[in-house]
Amino acid sequence: DGVTEVLAHRSENLQDKFIEVPCSEDYDSHKRFEGCTPRKCGRAVTDAVITREEAERIRRIAERGLSLGGSDGGASILDLHSGALSLGKHFVNLYRYFGDKIQDIFTEEDFALYRDVRQRIQQRIAQTFGISSASLYLTKPTFFSRINNTEAKTTHDEYWHPHVDKVTYGSFDYTSLLYLSDYTEDFGGGRFVFMDAGSNKTIEPRAGRVSFFTSGSENLHRVEKVHWGTRYAITISFTCNPDHGIGDPVLV
């Protein structure tokens with residue numbers, strides 16, 4: 001694993017931590033949007049955007065949704081935008097599968113909180129990277145993840161491999177993660193790892209902590225395997241390309 005440096009300890013309460021890294025060439029193979037496509041690249045961590053109490057409320061949304069399904073392996077996802085929900089070895093569309101019963105699971109307040117949190121994260125990303133918030137568009141997939149130590153049953157469960165978001169999902173320009181549970185308290189393992197030449201830079205999840213970064217190869221990353229407990233997070237991603245933008249989820 002090489003040398004590991006902790007960028008953010010769980011016990012810390014970070015206002016703003018930003019590390020600039022040179023941009024990769026990944027953005028050159030996509031249409032560039034001046035004033036938005038990364039020219040300054042890097043990674044940031046903040047505990048000052050979302051409160052722990054808000055993170056707990058959002059985790060309850062994830063718990064209620066994921067209690068309807070769940071993967072046979074260790075990683076389950078819930079995408080409120082598309083309705084994708086892990087169920088066994090497959091995915092179902094939550095909205096089609098449960099129909100009107102969805103109103104008994106989620107409330108308008110849940111979706112309003114989700115939108116508010118998304119907007120605050122979007123504004124912080126724009127501010128940190130010196131771009132206009134209006135030039136960023138939410139993009140898919142944006143999803144809750146619940147990870148435990150159950151053995152993987154399909155490739156969807158194998159979340160621990162190193163990857164580059166811009167390569168995996170061409171639309172991503174800026175990726176953010178909002179952690180909804182605490183490292184060493186709610187789960188063991190499961191740290192977020194930036195894999196740099198010569199060393200790993202890790203972030204220890206803490207409820208309410210937001211980490212965000214430019215989505216190219218300058219931020220190759222992985223998540224450590226979860227050894228015990230349950231790790232909840234939400235991935236919220238942004239694109240500069242309006243053609244790849246999606247709307248906030250609505251309770252229909």
Side-chain angles (χ1 to χ4, degrees), residues 50 53-122 125 136-148 150 152-159 163 165 168-181 207-208 210 212 215 223 226 230-252:
I50 310 299
E53 190 265 336
E54 287 168 331
E56 279 158 21
R57 283 167 60 201
I58 293 176
R59 189 179 75 224
R60 287 197 288 273
I61 300 172
E63 286 169 344
R64 287 201 304 275
L66 285 159
S67 71
L68 302 170
S71 147
D72 288 343
S76 300
I77 74 150
L78 165 65
D79 182 334
L80 287 180
H81 299 266
S82 68
L85 171 70
S86 302
L87 188 67
K89 291 187 176 64
H90 308 282
F91 293 94
V92 294
N93 185 315
L94 179 79
Y95 302 123
R96 281 209 296 272
Y97 204 75
F98 293 98
D100 294 342
K101 292 197 188 77
I102 213 76
Q103 309 274 358
D104 305 329
I105 300 155
F106 303 120
T107 65
E108 282 296 354
E109 289 77 20
D110 292 338
F111 280 62
L113 175 64
Y114 183 98
R115 282 193 299 274
D116 180 40
V117 162
R118 188 272 304 160
Q119 281 164 349
R120 277 186 271 158
I121 292 172
Q122 182 169 343
I125 290 172
L136 286 175
Y137 301 87
L138 196 61
T139 192
K140 63 182 181 186
T142 283
F143 56 91
F144 289 107
S145 56
R146 182 186 72 193
I147 305 176
N148 59 32
T150 309
K153 300 291 191 291
T154 71
T155 52
H156 291 297
D157 300 321
E158 296 178 8
Y159 57 83
H163 65 279
D165 290 347
T168 308
Y169 313 105
S171 64
F172 284 29
D173 289 305
Y174 299 90
T175 307
S176 76
L177 291 147
L178 166 59
Y179 297 108
L180 305 174
S181 48
V210 180
F212 56 91
S215 306
V223 171
V226 169
T230 307
R231 177 194 194 270
Y232 282 93
I234 178 169
T235 301
I236 302 178
S237 311
F238 298 94
T239 183
C240 295
N241 187 341
D243 294 344
H244 292 144
I246 60 171
D248 284 307
V250 284
L251 192 58
V252 287

Quiz item: Short question: side chain of Ser181, backbone of Tyr232 - any donor-acceptor pair under 3.5 Å?
Solution: yes
Quiz item: How far does CD1 of Ile121 sit from CG of Asp116, to the nearest 0.5 angstrom?
Solution: 10.0 Å
Quiz item: Parallel, tilted or perpendicular: which fits the ring planes of Phe111 and Tyr114, with parallel below 30° and perpendicular above 60°?
Solution: tilted
Quiz item: Nearest 0.5 Å, what's the CD1-CZ distance between Ile236 and Phe143?
Solution: 10.5 Å
Exercise. Measure across Leu136 and Ile125 and return the closest heavy-atom pair with its distance rounded to 0.1 Å.
Key: CD1-CG2, 4.0 Å
Quiz item: Is the count of non-hydrogen atoms from other residues, nucleotides or ligands lying under 6.0 Å from Asp104 atom CG greater than 12?
Solution: yes
Quiz item: CG/Leu80 to CD1/Ile234 distance, rounded to the nearest 0.5 angstrom?
Solution: 7.0 Å
Self-check item: Nearest heavy atoms of Leu87 and Leu68, plus distance in Å
Solution: CD1-O, 4.0 Å
Quiz item: Where do Thr139 and Thr142 come nearest, in terms of heavy atoms and distance?
Solution: O-OG1, 2.8 Å
Quiz item: Taking it one step at a time, do Thr175 and Ser215 satisfy side chain to side chain donor-acceptor pair (under 3.5 Å)?
Solution: CA-CA 6 Å; Thr175 307; Ser215 306; 2.8 Å; yes
Quiz item: Is there a donor-acceptor pair closer than 3.5 Å between any side-chain N or O of Asn93 and the backbone N or O of Ser82?
Solution: yes
Practice problem: Check whether any side-chain N or O of Tyr95 sits under 3.5 Å from a backbone N or O of His81 as a donor-acceptor pair, and report yes or no. | Solution: no
Exercise. Test side chain to side chain donor-acceptor pair (under 3.5 Å) on Ser237 and Asp165 and set out the steps.
Key: CA-CA 10 Å; Ser237 311; Asp165 290 347; 5.9 Å; no
Quiz item: Who passes side chain to side chain donor-acceptor pair (under 3.5 Å) against Gln122, sequence neighbours left out?
Solution: Arg118
Practice problem: Drop me the distance from Leu94's CG to Asp79's CG, to the nearest 0.5 angstrom. | Solution: 9.5 Å
Quiz prompt | Separation of Arg146 CZ from Glu63 CD (nearest 0.5 Å) | solution = 9.0 Å
Quiz item: Phe144 versus Leu178: any side-chain heavy-atom pair under 4.5 Å?
Solution: no
Exercise. Quick one: closest heavy-atom pair of Leu113 and Ile58, and the distance?
Key: CD2-CG1, 3.6 Å
Self-check item: Qualifying residues under salt bridge (charged side-chain N to carboxylate O under 4.0 Å, His left out), relative to Glu109, sequence neighbours excluded
Solution: none
Quiz prompt | With Lys153 via salt bridge (charged side-chain N to carboxylate O under 4.0 Å, His left out) - residues at least two apart | solution = none
Quiz item: So, for Phe98 and Leu85, which heavy atoms are closest and what is the spacing to 0.1 Å?
Solution: CE1-CD2, 4.3 Å
Self-check item: Gap between atom OH of Tyr159 and atom OG of Ser76 - 0.5 Å precision
Solution: 11.0 Å
Exercise. Start with the C-alpha distance between Lys140 and Tyr169, add both sets of side-chain angles, then the distance that settles side chain to side chain contact (heavy atoms under 4.5 Å, CB included), and finish with yes or no.
Key: CA-CA 8 Å; Lys140 63 182 181 186; Tyr169 313 105; over 6 Å; no
Practice problem: Apply salt bridge (charged side-chain N to carboxylate O under 4.0 Å, His left out) to Asp110 and list each qualifying residue two or more places apart in sequence or on a separate chain. | Solution: Arg64
Practice problem: Locate the shortest heavy-atom distance separating Ser86 from Ala75; write the atom from each residue and the value. | Solution: OG-O, 4.3 Å
Quiz prompt | Residues that Tyr97 engages under ring-ring contact (aromatic ring centres under 6.0 Å, His included), provided they are two or more places apart | solution = none
Without placing hydrogens or testing angles, list every side-chain donor-acceptor pair under 3.5 Å for residues 238-245, not counting sequence neighbours.
residue : atom : partner : partner atom : Å
Thr239  : OG1  : Ser171  : O            : 2.7
Thr239  : OG1  : Asn241  : N            : 3.1
Asn241  : OD1  : Asp243  : N            : 2.9

